[in-house]
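Below: one structure, written as structure tokens.
Index from 1, following the sequence.
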Amino acid sequence: MDFESEDDSEKENEVFIEKVLQTCENDLTIKIDSVECEAGSRQGDNYMSLIKRAAVQGKCRDSDYQRKLIVKRQISSISRRQLFRCDEAFANEIAAYTQVLPHLRDFSGDRLPYPECLFAGFDDSQKEVIILEDLRESGFEMEDRLKGLDYPHCSLVMQELGNLHAISLAMKATQPETFERMKRSISEIVYCPEAREVISNTLECSLRDTLASLRVTNANGDLTGAIGRIEQLQGSMYDIMSRHVLDNEDSWLVICHGDIWINNLMFRRIRSHVEQVKLLDLQTMRCTSPVIDILHFIYTSTVRDFRHAHLDQLLTDYHTTLNASLRHYLPPPDDQDTLNRLQTQFSLARIKRELQRKMLYGLGNAMWLMPAITFHPNRIPDLNAVTMTDFGNTQMTQMLTPEYHRRIREMVLEFYEQGLLQDL
């Protein structure tokens, strides 16, 4: 069954959509005749909410009016919402769009890689809803999660991350009260006491699947040492992951996307050259170290050979943009001292050391997400039927694909051969 097992074609409230568009476009002459909906995401590409693509038709100043929108709503399954903390995720995303992005946009002069948000909050029936521009209308498309991303795509993402993190650092230095308000408006919804049981079970299930996969592919014994090291992680994954996300010096804290991987990215090409990226799904936006975003992205959306060839250059791309953006937001000579301090603290060498220190986050997060990255689109589990006791059961494990086993093997070997599993 598909992740989106609910009725994606359910009609939207035309009166409410009309009010939203009148407000956003500051034009009360907009009158909506119809809102037709279809599924807004491909099979297996979304499971935390219900996403619809809405085609709006009507009149504006006696002319035909058309607009395409993305409408994001809560799933109806109460058990699924409780198990996957969908209510908390939706509330956090609304806060991101209404209380964080406006400040980031004002400070940066709208240099943000996010879609336009027309509305985020409660509709007339007091149901949560987020309404966004339809990026497909501007030529943006998702890439194939099974293939991973090439260097031009990854470089764009890393440059956007460099700019985003620079905005936080500059705001924290020059508008500390605003930054603190933004920081308080969003919540850590994954590594928090309320989520510990389900996230711990999920991570341990991912670890068991990883070990089972490694043992199956260890015919020539080249994985034996790595398996022994991975086994030492059992029972401690939640504590390792939460420590890397939560235990950071205040000077390293920035507003992070929180879930940046190939399914939450859309790219636009011009004459076959990728030129722009947009970041989607802000449910897990958090305040943490910038390398958490980098590790989250790199180890979910690229493969080992690519990382071997391009990781150093991608970190240079990130750092170059971070520096350029800091100079833009903290122009000399007025902010020269602050600029010098931040450029010293966030030198390329220090970023690499911080990355090395938190590498197990990259491994743990990739083990967690790898099934979703590599699931075959025609064999997606029905998450409405999943309970806590289903984590790690045979039926779920049997849905893992050859691509899953290949990527897990290569990633664990990569960590082992680079000595990143030695001090467990």
Side-chain angles (χ1 to χ4, degrees), residues 20 23-26 70 72 88-122 128-133 135 157 159-190 245-246 248-260 264-265 276-294 296 318 321-331 334-335 338-339 341-343 345-346:
V20 169
T23 300
C24 289
E25 301 192 22
N26 194 28
I70 294 295
K72 191 170 186 176
E88 292 81 358
F90 214 93
N92 204 53
E93 186 162 26
I94 288 175
Y97 278 117
T98 59
Q99 300 180 54
V100 177
L101 293 197
H103 291 298
L104 297 179
R105 182 167 286 112
D106 288 345
F107 183 86
S108 68
D110 203 18
R111 297 175 64 188
L112 297 180
Y114 298 111
E116 178 191 2
C117 179
L118 285 70
F119 182 87
F122 293 88
E128 297 158 301
V129 60
I130 296 172
I131 301 176
L132 306 167
E133 66 170 315
L135 290 171
V157 175
Q159 291 174 60
E160 288 294 354
L161 284 179
N163 179 61
L164 279 174
H165 298 160
I167 296 171
S168 283
L169 294 172
M171 284 191 73
K172 188 161 54 169
T174 60
Q175 299 181 12
E177 293 182 358
T178 300
F179 183 82
E180 283 300 313
R181 284 198 301 272
M182 287 195 306
K183 180 179 167 183
R184 289 194 300 269
S185 69
I186 51 177
S187 303
E188 175 57 51
I189 68 165
V190 179
V245 171
L246 302 177
N248 297 284
E249 295 181 12
D250 184 71
S251 61
W252 274 84
L253 295 180
V254 299
I255 302 294
C256 283
H257 180 277
D259 191 20
I260 184 165
N264 289 339
L265 301 166
Q276 195 174 3
V277 61
K278 295 286 188 179
L279 279 56
L280 313 175
D281 289 348
L282 308 183
Q283 294 143 323
T284 54
M285 179 174 273
R286 53 165 59 114
C287 199
T288 187
S289 167
V291 303
I292 293 296
D293 265 351
I294 294 173
H296 197 109
Y318 169 86
T321 303
L322 180 80
N323 258 341
S325 295
L326 286 174
R327 287 194 298 272
H328 177 82
Y329 303 126
L330 301 168
D334 294 345
D335 295 302
T338 301
L339 177 62
R341 175 176 59 80
L342 290 174
Q343 288 181 328
Q345 180 180 357
F346 290 89

Task: Donor-acceptor contact present, side-chain Asn92 to main-chain Gln283, <3.5 Å - done: yes
TODO: Begin from the C-alpha positions of Leu132 and Tyr97 and carry the test side-chain contact (heavy atoms from CB on, under 4.5 Å) through to its verdict.
DONE: CA-CA 10 Å; Leu132 306 167; Tyr97 278 117; 3.7 Å; yes
Open item on the list: What I'd like to find out is whether the side chain of Val157 reaches to under 4.5 Å of the side chain of Ile260, using heavy atoms alone.
Closed with: yes
Task: Trace of the side-chain contact (heavy atoms from CB on, under 4.5 Å) decision for His103 with Gln175 - done: CA-CA 10 Å; His103 291 298; Gln175 299 181 12; over 6 Å; no
TODO: Check the pair His165 / Cys256 against side-chain contact (heavy atoms from CB on, under 4.5 Å), numbers first and verdict last.
DONE: CA-CA 7 Å; His165 298 160; Cys256 283; 4.0 Å; yes
Open item on the list: Would you say CG of Asn26 has more than 12 non-hydrogen atoms from neighbouring residues, nucleotides or ligands within 6.0 angstrom?
Closed with: no
Task: Separation between CZ of Arg111 and NE2 of His328, rounded to the nearest 0.5 Å - done: 4.0 Å
Task: Heavy-atom donor-acceptor pair, His257 side chain to Leu280 backbone, under 3.5 Å - done: yes
Task: Side chain Lys72, main chain Phe90, donor-acceptor under 3.5 Å - done: no
TODO: Mind running side-chain contact (heavy atoms from CB on, under 4.5 Å) on Met171 and Tyr329 for me, showing each step along the way?
DONE: CA-CA 8 Å; Met171 284 191 73; Tyr329 303 126; over 6 Å; no
Task: Within-4.5 Å side-chain heavy-atom neighbours: Lys183 and Glu180 - done: yes
TODO: Identify the heavy atoms of Leu282 and Ala96 that sit nearest to each other, and give their distance.
DONE: CB-CB, 3.9 Å
Open item on the list: Just verifying a value: how many Å separate Asp293 CG and Ile255 CD1, rounded to the nearest 0.5 Å?
Closed with: 10.5 Å
- [ ] Identify the heavy atoms of Arg286 and Gly258 that sit nearest to each other, and give their distance.
- [x] NH1-O, 3.6 Å
TODO: Please determine, by modelled atom types, if Asn248 and Thr288 share a side-chain donor-acceptor pair under 3.5 angstrom.
DONE: yes
Open item on the list: Tell me the closest heavy-atom pair linking Leu118 and Cys24, and the distance in Å.
Closed with: O-SG, 3.2 Å
TODO: First locate atom OG of Ser108, then atom CG of Leu101, and finally report the distance between them rounded to the nearest 0.5 Å.
DONE: 9.5 Å
Task: Donor-acceptor contact present, side-chain Gln159 to main-chain Thr321, <3.5 Å - done: no
Open item on the list: With rounding to the nearest 0.5 angstrom, report the CG to CD distance, Leu169 to Gln343.
Closed with: 11.0 Å
Task: Nearest non-hydrogen partners of Val100 and Ser185, listed with the distance - done: CG2-OG, 3.5 Å
Task: Nearest atoms (heavy-atom pairs only) where Ala120 meets Cys117 - done: CB-SG, 3.9 Å
- [ ] Measure the CG-OG distance between Leu164 and Ser325 for me, rounded to the nearest 0.5 Å.
- [x] 9.0 Å
Open item on the list: If I take atom CD1 from residue Ile167 and atom NZ from residue Lys172, how far apart are they, to the nearest 0.5 angstrom?
Closed with: 14.0 Å
TODO: Provide the closest heavy-atom pair for Ala166 versus Leu326 in the form atom of the first, atom of the second, distance.
DONE: O-CD2, 3.8 Å
